[in-house]
Each structure stands twice: as C-alpha cells, then as structure tokens.
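Right, one structure below, let's go through it.
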Amino acid sequence: MLSDTDLAVLRFAARAPRSVGAREDAVRSELGMQPIRYYQRLNRLLDSPDALAAEPQLVRRLQRLRDGQGHPNL
C-alpha cells in the first residue's frame, strides 16, 4: 500500500520540470524534502508492485528512462 507521500512523489514525477535546478527547487517547495530523498524514494517506488499497480504507465515510463538510458536524475 502506498502512503500519501508516495503518491505525491509519483504525481510530482509525472509533471516535474525538466530542468534539474527547477525540479530540485520544486521538490523542496512542493514536497518539503531534499532532492536526494526524493530521488531515493522515487527509485524505490519504481521497483514497487504497489506503485506499478497505482500508476502503471508512469512507472513503466520512468523505469525505461532509468534502466534503458541511464537517466542521471532517477
């Protein structure tokens, strides 16, 4: 089961700014967490069956970015 914070991280990832600096500022202001914690949590969620069940298209897209292209910010 996903927590409210987990869902917020997934929703944020779906619409996050492309610019790293803008994304990190938004993580701090919108999620109230440090960027490193956001990326750690997002990576954990990308391996979570619960996250896949909740947001299958988003999770699969982010998994492809992370695993296939070595995205530096996932």
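Heavy atoms only: backbone and side chains are in, while hydrogens, waters and symmetry mates are out.
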(Q) Is the shortest side-chain heavy-atom distance between E24 and Y39 below 4.5 Å? (A) yes

Q: Find the distance between CZ (R28) and CD (Q34) and round it off to the nearest 0.5 Å.
A: 5.5 Å

Q: Working to the nearest 0.5 Å, report the span between CZ of R41 and CZ of F12.
A: 14.0 Å

May I have the list of side-chain donor-acceptor pairs in residues 44-56 shorter than 3.5 Å, sequence neighbours left out?
from	atom 1	to	atom 2	distance (Å)
D47	OD1	R66	NH1	3.4
D47	OD1	R66	NH2	2.9
S48	OG	D50	N	3.2
S48	OG	A51	N	3.2
D50	OD2	M1	N	2.4

Q: Output yes when a side-chain donor or acceptor of R23 lies under 3.5 Å from a complementary backbone atom of A16, and no otherwise.
A: no

Q) Is D6 reaching over with its side chain to a backbone N or O of S3, donor-acceptor style, under 3.5 angstrom? A) yes

Q: Flag the pair E30 and R15 as a salt bridge only when some basic side-chain nitrogen lies within less than 4.0 angstrom of an acidic carboxylate oxygen.
A: yes

